[in-house]
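Okay, structure first, notes after.
Values below: every heavy atom of this structure, side chains too, minus hydrogens, waters and symmetry copies. Indexing begins at 1, ligand by ligand and atom by atom, following the structure's order.
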Amino acid sequence: MSFDTPIPRKGTHSYKWDMMEKLYDVSPDEGIAMWVADMEFRPPAEVQAALERMTSLGVYGYFGDDSKYLDAIRWWMATRHGWTVEREHIFTTHGLVNGTALCVQAFTAPGDGVVLMTPVYHAFARIIRAAGREVVECPLANVAGRYELDIDGWDAQMTGREKLLILCSPHNPGGRVWSRDELLEIAGFALRHDLIVVSDEIHHDLVMPGNRHVPMTLAAPGIASRLVMMTASTKTFNIAGAHLGNVIIADPALHARFARVMEAMGISPNSFGMHMATAAYSPGGAVWVDELTAYLDENRKVLDAGMNSIPGVRSMPLEATYLAWVDFAGTGMSRTEFTDRVEKVAKICTNHGVSFGLGGESFLRINIACPRAQVEDAVARIRHAFRDLQ
Ligand SMILES: Cc1ncc(COP(=O)(O)O)c(C=O)c1O
């Protein structure tokens, strides 16, 4: 697998490339799409082979018998994360935005507070508000360019109306891999305030060399009765269009509440996703992920070196994810000015930090899961757009 080979995606119904003109007013012929969190890479050969088996049969009926799929998940979690998952704890949803939305329905009522550690993945707040619940933003502390918990501050914020905490582990954006001690602190916070914890671990495989992700369920077994784990193959293997996610609930009472909402929403799996994920969670998939993370780590170094060479610009050192989180606060420029320079001058489409909630205002999120030459091109363009500072 060569991650260096560009794949033309313009005109392929790619959200990232084919919506950029409409949303950013940047033509895909001139600009570079570095926003939406999917990758410019093909998945492992095993995934392609699984789809080819389906298309050569040419039958696309309802999916049944998920035993191979569940075994593949169990194998992956055990070998990659040291976590034993029981088959009957696993729900298959249409992705983790869907999984989060179902949790909000299952575990909160209109008007309840849902705690987010901001800045955090923007879809969480969108879902919570659309469901008529209140977003409670608990800002992370930015300590010398790295996010840390601010448990004392968050304790002081709680009113008693909060029912749910959505944890993002590893964290998007900013790329923190929460340590076992930090996860225990979060668990203690949830216990003190009687919160159910939904741990979105979609980025758990995309961990940079030298870091180790700890699943919340292993870090804090003491909160098993209030814990919902969420994982997915889609971010890891770049198959997000398959819309597939796992919501894993060990506690029988929480499991029953979630099952009722799944039933009420009429959710059943998409056969393409099931075949792709089963194939991906395999020894070949594991080799591919190891090669991928090594490649992403080099891309990260290129991006960081380029951004940090611009006075006033700082890129957070990613411990996980392929989503560089770049702070323009030190330039003294307004949000409009630094964003315009990146978008209108450099013609790089990024996610705006402000959409991730409190603390994100001076940041742009740049997706580096692309051929290295594209990262180098983006760095050169952004450096040029800020050349007056150098
Ligand atoms: C933390 C987090 N959760 C969920 C998602 C999206 O999940 P899905 O595509 O399964 O809905 C993303 C996508 O970037 C994400 O970063």
Nearest protein heavy-atom contact for [atom]: which residue, which atom, what distance?
atom: atom 14 (O) of ligand 1; answer: Lys235 NZ, 2.8 Å
atom: atom 12 (C) of ligand 1; answer: Tyr121 CZ, 3.4 Å
atom: atom 7 (O) of ligand 1; answer: Ile202 CD1, 3.4 Å
atom: atom 3 (N) of ligand 1; answer: Asp200 OD2, 2.6 Å

Nearest-0.5 Å distance that lies between atom [atom1] in [X] and atom [atom2] in [Y]:
X: Glu30; Y: Glu21; atom1: CD; atom2: CD; result: 8.5 Å
X: Phe363; Y: Thr350; atom1: CZ; atom2: OG1; result: 13.0 Å
X: Thr100; Y: Arg126; atom1: OG1; atom2: CZ; result: 10.5 Å

**Asked** Relative to the heavy atoms of Asn172, which atoms of ligand 1 are at a distance of less than 4.0 Å?
**Response** 15 (C), 16 (O)
**Request:** Give the numbers and elements of all ligand 1 atoms closer than 4.0 Å to a heavy atom of Ala37.
**Result:** 14 (O)
**Prompt:** Out of curiosity, is Cys168 lining ligand 1, as in a heavy atom under 4.0 Å away?
**Reply:** yes
Please indicate whether any nitrogen or oxygen in [X] is less than 3.5 Å from any nitrogen or oxygen in ligand 1.
X: His243; result: no
X: Val97; result: yes
X: Asn98; result: no
X: His94; result: no
X: Leu96; result: yes

**Item:** Contact bool for atom 9 (O) of ligand 1 (protein heavy atom, d < 4.0 Å)
**Value:** no
**Item:** Over-ring placement of Arg257 relative to Phe107, 6.0 Å and 45° cut-offs
**Value:** no
**Fill in**
Checking Tyr60, Phe63, Tyr281 against His275 for ring pair (Phe, Tyr, Trp, His ring centres under 6.0 Å), the one that qualifies is Phe63
**Message:** When you compare the side chains of Asp205 and His213, does any donor N or O come within less than 3.5 Å of an acceptor on the partner?
**Reply:** no
**Request:** State, with a plain yes or no, whether a side-chain heavy atom of Leu323 is found less than 4.5 Å away from one of Tyr121.
**Result:** no
**Request:** Report yes if some heavy atom in the side chain of Lys16 is under 4.5 Å from a heavy atom in the side chain of Glu40; otherwise report no.
**Result:** yes
**Request:** Determine whether Phe189 and Ile196 fall in the same hydrophobic cluster, where Ile, Leu, Val, Met, Phe, Trp and Tyr are linked whenever their side-chain heavy atoms lie under 4.5 Å apart.
**Result:** no
